[in-house]
Q: 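Here it is, the structure, as structure tokens.
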Amino acid sequence: MVTEADNTIRESEEVLNGRTSSPSIVNVQEMVRCNLSFIPDRFKRSEEDKSKDVDLSVLSPQIPVIDLALLSSENVEELKKLEWACKCWGFFMATNHGIPEEVLQRVKDAAAGFFELPFQEKKAYSLDSNEMQGYGRPFMVSEEEKLDWSDSLILRIYPSHLQKLKFWPTTPADFRDTVEAYSTEVRKVAETLLGSLSLMMGMTKDALLRLHKDMAQALRVNYYPTCRNPDQVIGISPHSDASSISILLQDDGVTGLEIQHDGGWVPVNPVLNSLVVNIGDVIEMWSNGKYKSIEHRAITNENKARMSLATFFTPDTDVEIEPLDHILDPQGSNRIYKKVKYGDYLTHSLRKKIEGKTNLRFSKYND
Ligand SMILES: O=C(O)CCC(=O)C(=O)O
Ligand SMILES: [Fe+2]
């Protein structure tokens, strides 16, 4: 009898041996569940890539920690710290964000509950690449491209007319309510942060939010199964986010996220109930490169699967992004980014292989 597991392995092998070019059907969690005894070449990182890795885990304790309650009360010291974090790290941990612990725990449980379902059930929510939402492999990849050791579920949260319920799991039963409750809370955090970032950039508190027009919001739940040889694969390839800001909720006790700093990779160790925030490409463009959208990646491990929930905030697709006038010198001679329509930028970044910060080249002069 041919079992589901046999089919998955056969389909995976066909892709991995180049007989079909549809990597979207490769499901890593299922490969691991079926005890695939080898790591398929399509997932193996090249020796050249690995040789470029510089381990800077000694710097993990130095990753900035920002107290959002202090920021909300416009504490000058905290605002300065935020500015340093955005200039020098592009990433920070956010504490005192005001999201109740219960909301964080429930959304992590709901997401974990979905990934625990049998593959056949999850397949019902398969990704539609036109919609850019659903369960599967989100990036359009070429036939030669290496594949990441992860599966994901992407949902558009806001504006509501882009929410397509056919992609929303109905098991666990509270999935939708829980994700909506978390999304409402995390949006408030994003708005507070954008307020502080506006002040930091010398504008009125509402300036950045208004620049987004109707700020869109999407959730990507990443699931990284264990890997028998974690050094050979990568959970998510190095990339910068095409967002204005991203807010990440990570699993407690499993480190996987690593960020580029001083030419090496610095792991971001999860801290219970805190969030990880990063500046995306849009703020880098608005600030003419002053605040950095930093390359990051996720690695896997041998013993424990990891999950992360990344929420991306983005401008309306009609918004034209370019360095803000007051950030440029009077002649504009220090301008490094051209004007781009956000929708075009997003389409470009989704079509391309995720390859470090190459997306930003699309809007950069002289590149
Ligand atoms: O899993 C992580 O920690 C990183 C996820 C991420 O970078 C993304 O979804 O864009
Ligand atoms: Fe990311």
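In each ligand, atom 1 is the first atom listed, and ligand 1 is the first ligand listed.
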Q: Just jot down the ligand 1 atoms closer than 4.0 angstrom to any heavy atom of Tyr224, in number order.
A: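 So the answer, numbered in order with elements, is 1 (O), 2 (C), 4 (C), 5 (C).
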
Q: Hey, is Arg45 close enough to Asp53 for a salt bridge, meaning N to O under 4.0 Å?
A: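 Answer for the salt bridge query: yes.
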
Q: Between Lys81 and Glu77 (salt bridge meaning N to carboxylate O under 4.0 Å), is one present in this structure?
A: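 Salt bridge: no.
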
Q: Would Glu83 and Lys290 pass as an ion pair if we require N to O under 4.0 Å?
A: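 Counted as a salt bridge, because a side-chain N and a carboxylate O are separated by less than 4.0 Å.
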
Q: Please report, to 10°, the angle around the Fe ion (ligand 2) from atom OD1 (Asp241) across to atom NE2 (His239).
A: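 If I round to 10°, I get 90°.
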
Q: Which protein non-hydrogen atom lies closest to atom 5 (C) of ligand 1, naming both residue and atom, and how far is it?
A: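 Here the nearest protein heavy atom works out to Asn222 ND2, 3.4 Å.
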
Q: May I ask you to say whether Glu191 pairs ionically with Lys188, meaning some side-chain N is under 4.0 Å from a carboxylate O?
A: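 The answer is no: the pair does not qualify as a salt bridge.
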
Q: Under a 4.0 Å threshold between the charged nitrogen and the carboxylate oxygen, would Lys341 count as salt-bridged to Glu320?
A: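 Salt bridge absent between Glu320 and Lys341.
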
Q: Looking at every heavy atom in both Leu153 and Phe115, which two are closest together, and how far apart are they?
A: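 So the two residues come closest at N-CZ, 4.0 Å.
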
Q: When you look for heavy atoms under 4.0 Å from ligand 1, do you find them on the side chain of Asp241, its backbone, both, or neither?
A: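 The answer is the side chain of Asp241.
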
Q: Any atoms of ligand 1 less than 4.0 Å from a non-hydrogen atom of Ala310? List them with their elements.
A: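 Listed by number with element, the hits are 9 (O).
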
Q: For His212 versus Val319, what's the shortest heavy-atom pair and its separation?
A: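 So the minimum-distance heavy-atom pair works out to O-CG2, 3.7 Å.
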
Q: I need the nearest protein heavy-atom contact for atom 3 (O) of ligand 1: residue, atom name and distance, please.
A: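 Residue, atom and distance for the closest contact: Arg306 NH2, 2.8 Å.
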
Q: Taking only heavy atoms of His296 into account, list the atoms of ligand 1 that are under 4.0 Å away from them.
A: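 Selected atoms, number and element: 7 (O).
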
Q: Heavy atoms only: which of Arg297, Gln250, Arg220, His239 is nearest to atom 10 (O) of ligand 1?
A: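 The residue whose heavy atom sits nearest atom 10 (O) of ligand 1 is His239.
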
Q: Taking non-hydrogen atoms only, is Leu248 closer than 4.0 angstrom to ligand 1 via side chain, backbone, both or neither?
A: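 Side chain only.
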
Q: Find all atoms of ligand 1 within a distance of less than 4.0 Å from any non-hydrogen atom belonging to Phe312, and give their numbers and elements.
A: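 Those qualifying, in numeric order: 8 (C), 9 (O), 10 (O).
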
